[in-house]
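Note sheet for the following structure.
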Amino acid sequence: MVVSSRPLLGDLSLFLTIARRGSFRDAGRELGLTTSALSHAMKKLETRLGVRLINRTQRAISLTVAGAELADALSRGLDAIEDGLNALEVHSAVPTGHLRLNVPHDAALLLLAPVLERFALTCPGVHLDLVVDDRPIDLVAEGFDAGIRFGALVPKYMIALPLTPPLRWVVAAAPAYLAAHGRPRTPADLHRHACIQMRIGDTSTYPWELGDGPAQVRVDVPGTIRTNDSATRVSAVMAGLGLGYFLELRIADALRTGQLEVVMPDWSSMDEPYCMYYASRRQPPPGLRQLIGLIRQQHLPDQDAAFP
C-alpha cells in the first residue's frame, strides 16, 4: 500500500493523541480542534489505511487490535524522534523546546520557585509548562515529560534522581498553643490534643508517622480540621488551632523565627527525598538537566545533575 506520507503523518499524530487521551473531546481540547473535526480526520485515516482503528460508541471509544498495535508503534517511533531532537541539547549552549512538569504544591514552593528566575535566564529558549497537582498520576499517559515526587512514590520503571537529602518530618505547634494546652511527649499524648489532619492526593487522611525503624508508629490523630493544602495547615497551626505534622523544610522559616516549635523531637521521622522522575526509555527533555542542576545547587550542592 502506498500513501502520501506528508498528510498521513499529521493524521497519525492526531490518532496518537486520541489514543493517549482516550476520547475525542479530551484530544480536541489538547489540540485545539473540534470533536467533529477529529472524528472526520480519523474516518479519512481509516479509509486510507483500509482498517478500522477506533471503536466508537455514544459514550466512549476504544482501540481495535490494529489501532492498539499502531498506537504502540507510533509511540515508539515518535519517542525515538524526540530522543534524537533532545540529544541535540548537549551540542547547544542554550537548550530550546518544551518541558512539561507535574509537581506537588510543596515541591513547587520549596524546589522550583527559588530557581525559576535562574532557569529562565539560563534556558530562555525552553517553554516550561508547570502543572501543580498533588494527586497521583500516570506521568506518560497524561503527557508529562517529567515530574517531582517523594522517592517512595516513583514507579519502579521510571528514572528517579534525588533533588534533596532524605527529608525529616516533625510535629510542630505555636508557642501560644503549647502555653495553653501543654506539650505532648509521646505519640499517645496526641489523642489529648487538637491536631490539624492531612488529606493527601488520593483523598485519604494521612496518619502521622512518628519515629524511625522498628520503633516507628502510625497515629490516626484526632482533629476537627483536615486539609490537603500545606499552606492552610501551616496557617492553622501558627494561629494556635492545634498541632501539625510537616516536612521540616516546609516550616523552616517559621521555626527559625520562633513562630513554630518542634515538639516530640525524639519522634521525628526521616523519609525519602524529593526526586525528579521521567520515563526510563526516553532521553531527558530539553532543559531538564539544567533545572535539576539548579535545584541540586540549592539542596545537594556536592552532587551534579548527571543522568544515568
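FYI, side chains are in, hydrogens and waters are out, and symmetry mates aren't considered; it's all heavy atoms of this structure. Note that this is a predicted model, so its numbers are computed, not measured.
- When atom types are taken as modelled, the side chain of T17 and the backbone of S13 share a donor-acceptor pair closer than 3.5 angstrom.
- For the residue pair M238 and A254, the shortest heavy atom distance occurs at SD-CB, 4.5 Å.
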| task | Begin with the C-alpha distance, continue with both residues' side-chain angles, and end with the deciding distance and a verdict on side-chain contact (heavy atoms from CB on, under 4.5 Å) for V132 and L112. | result | CA-CA 11 Å; V132 181; L112 291 180; over 6 Å; no

| Derivation and outcome, side-chain contact (heavy atoms from CB on, under 4.5 Å), residues S269 and D212 | CA-CA 6 Å; S269 176; D212 288 312; 3.4 Å; yes

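- Between the side chain of R20 and the backbone N or O of A71 there is no donor-acceptor pair closer than 3.5 Å.
- The distance from the CG atom of L130 to the CG atom of N102 is 8.5 Å, given to the nearest 0.5 Å.
- Residues L167 and M276 share a hydrophobic cluster, clusters being chains of Ile/Leu/Val/Met/Phe/Trp/Tyr side chains in contact below 4.5 Å.
- Using a 4.5 Å cut-off on side-chain heavy atoms (C-beta onward), D220 and T205 make no contact.
- Side-chain atoms of S230 and R250 form a donor-acceptor pair, as typed in the model, at a separation below 3.5 Å.
- Annotation: side chain of R192 is not in contact with side chain of P184 (no heavy-atom distance under 4.5 Å).
- Linking Ile, Leu, Val, Met, Phe, Trp and Tyr residues whenever their side-chain heavy atoms come within less than 4.5 Å leaves M270 and L110 in two separate clusters.
- To the nearest 0.5 Å, atoms CZ (F15) and CG (L70) are separated by 4.5 Å.
- Across all non-hydrogen atoms, the minimal contact from Q197 to V221 is NE2-O, 2.8 Å.
- Under a 3.5 Å cut-off, the side chain of E261 and the backbone N or O of P175 do not form any donor-acceptor pair.
- From D145, atom CG reaches atom CG of L99 across 5.5 Å, with rounding to the nearest 0.5 Å.
- Note that the CZ atom of R100 and the CG atom of D129 stand 5.5 Å from one another [nearest 0.5 Å].
- Using a 4.5 Å heavy-atom cutoff, the side chains of F246 and L255 are not in contact.
- Under the 4.5 Å side-chain criterion, counting only non-hydrogen atoms from C-beta, V263 is not in contact with Y177.
- At least one donor-acceptor pair under 3.5 Å links the side chain of D134 to the backbone N or O of H105.
- Of the inter-residue distances, the one linking T227 atom OG1 with I225 atom CD1 reads 9.5 Å to the nearest 0.5 angstrom.
- For H191, the NE2 atom counts as densely surrounded, since its 6.0 Å shell holds more than 12 non-hydrogen atoms of other residues, nucleotides or ligands.
- Side-chain contact check for I251 versus V170: some heavy-atom pair is nearer than 4.5 Å.
- The CG atom of L45 sits 5.5 Å away from the CG atom of L12 when rounded to the nearest 0.5 Å.
- Within the 4.5 Å cutoff, side-chain heavy atoms of L163 are placed close to those of I292.
- Proximity of a side-chain donor or acceptor of S39 to a complementary backbone N or O of T35 within less than 3.5 Å is not detected.
- Taking the six-membered ring where the residue is Trp, Y206 and Y245 present parallel rings, their angle staying beneath 30° rather than reaching 60°.
- Contact check for L249 versus H299: side-chain heavy atoms found under the 4.5 Å cut-off.
- The shortest heavy-atom contact between A173 and L243 is CB-CD2, 3.4 Å.
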| message | Show, in sequence, the C-alpha distance, side-chain angles and deciding distance for D11 and R48, and conclude whether the side-chain contact (heavy atoms from CB on, under 4.5 Å) test is met. | response | CA-CA 11 Å; D11 288 343; R48 293 175 69 186; 3.7 Å; yes

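- Y157 is connected to Y277 through a chain of hydrophobic side-chain contacts under 4.5 Å among Ile, Leu, Val, Met, Phe, Trp and Tyr, so both are in one cluster.
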| query | So E142 and V131, side-chain contact (heavy atoms from CB on, under 4.5 Å) or not? Walk me through it. | reply | CA-CA 11 Å; E142 298 202 25; V131 176; over 6 Å; no

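- Closest of all the heavy-atom pairs between L210 and L190 is CD1-CD1, 3.7 Å.
- Hydrophobic clustering of Ile, Leu, Val, Met, Phe, Trp and Tyr side chains at less than 4.5 Å, counting indirect connections, unites V171 with W169.
- The backbone N or O of R52 sits less than 3.5 Å from a side-chain atom of T64, completing a donor-acceptor pair.
- Linking Ile, Leu, Val, Met, Phe, Trp and Tyr whenever their side-chain heavy atoms come within less than 4.5 Å puts L49 and I54 in one cluster.
- Closest approach of P187 to M264, counting heavy atoms only: N-CE, 3.7 Å.
- Of the possible donor and acceptor atoms, one in the side chain of D189 sits under 3.5 Å from a partner among the backbone N and O of T186.
- Here the side chains of L101 and L291 are in contact, with some heavy-atom distance below 4.5 Å.
- Taking each heavy atom of R118 and Q298 in turn, the nearest pair found is NH1-NE2, 4.5 Å.
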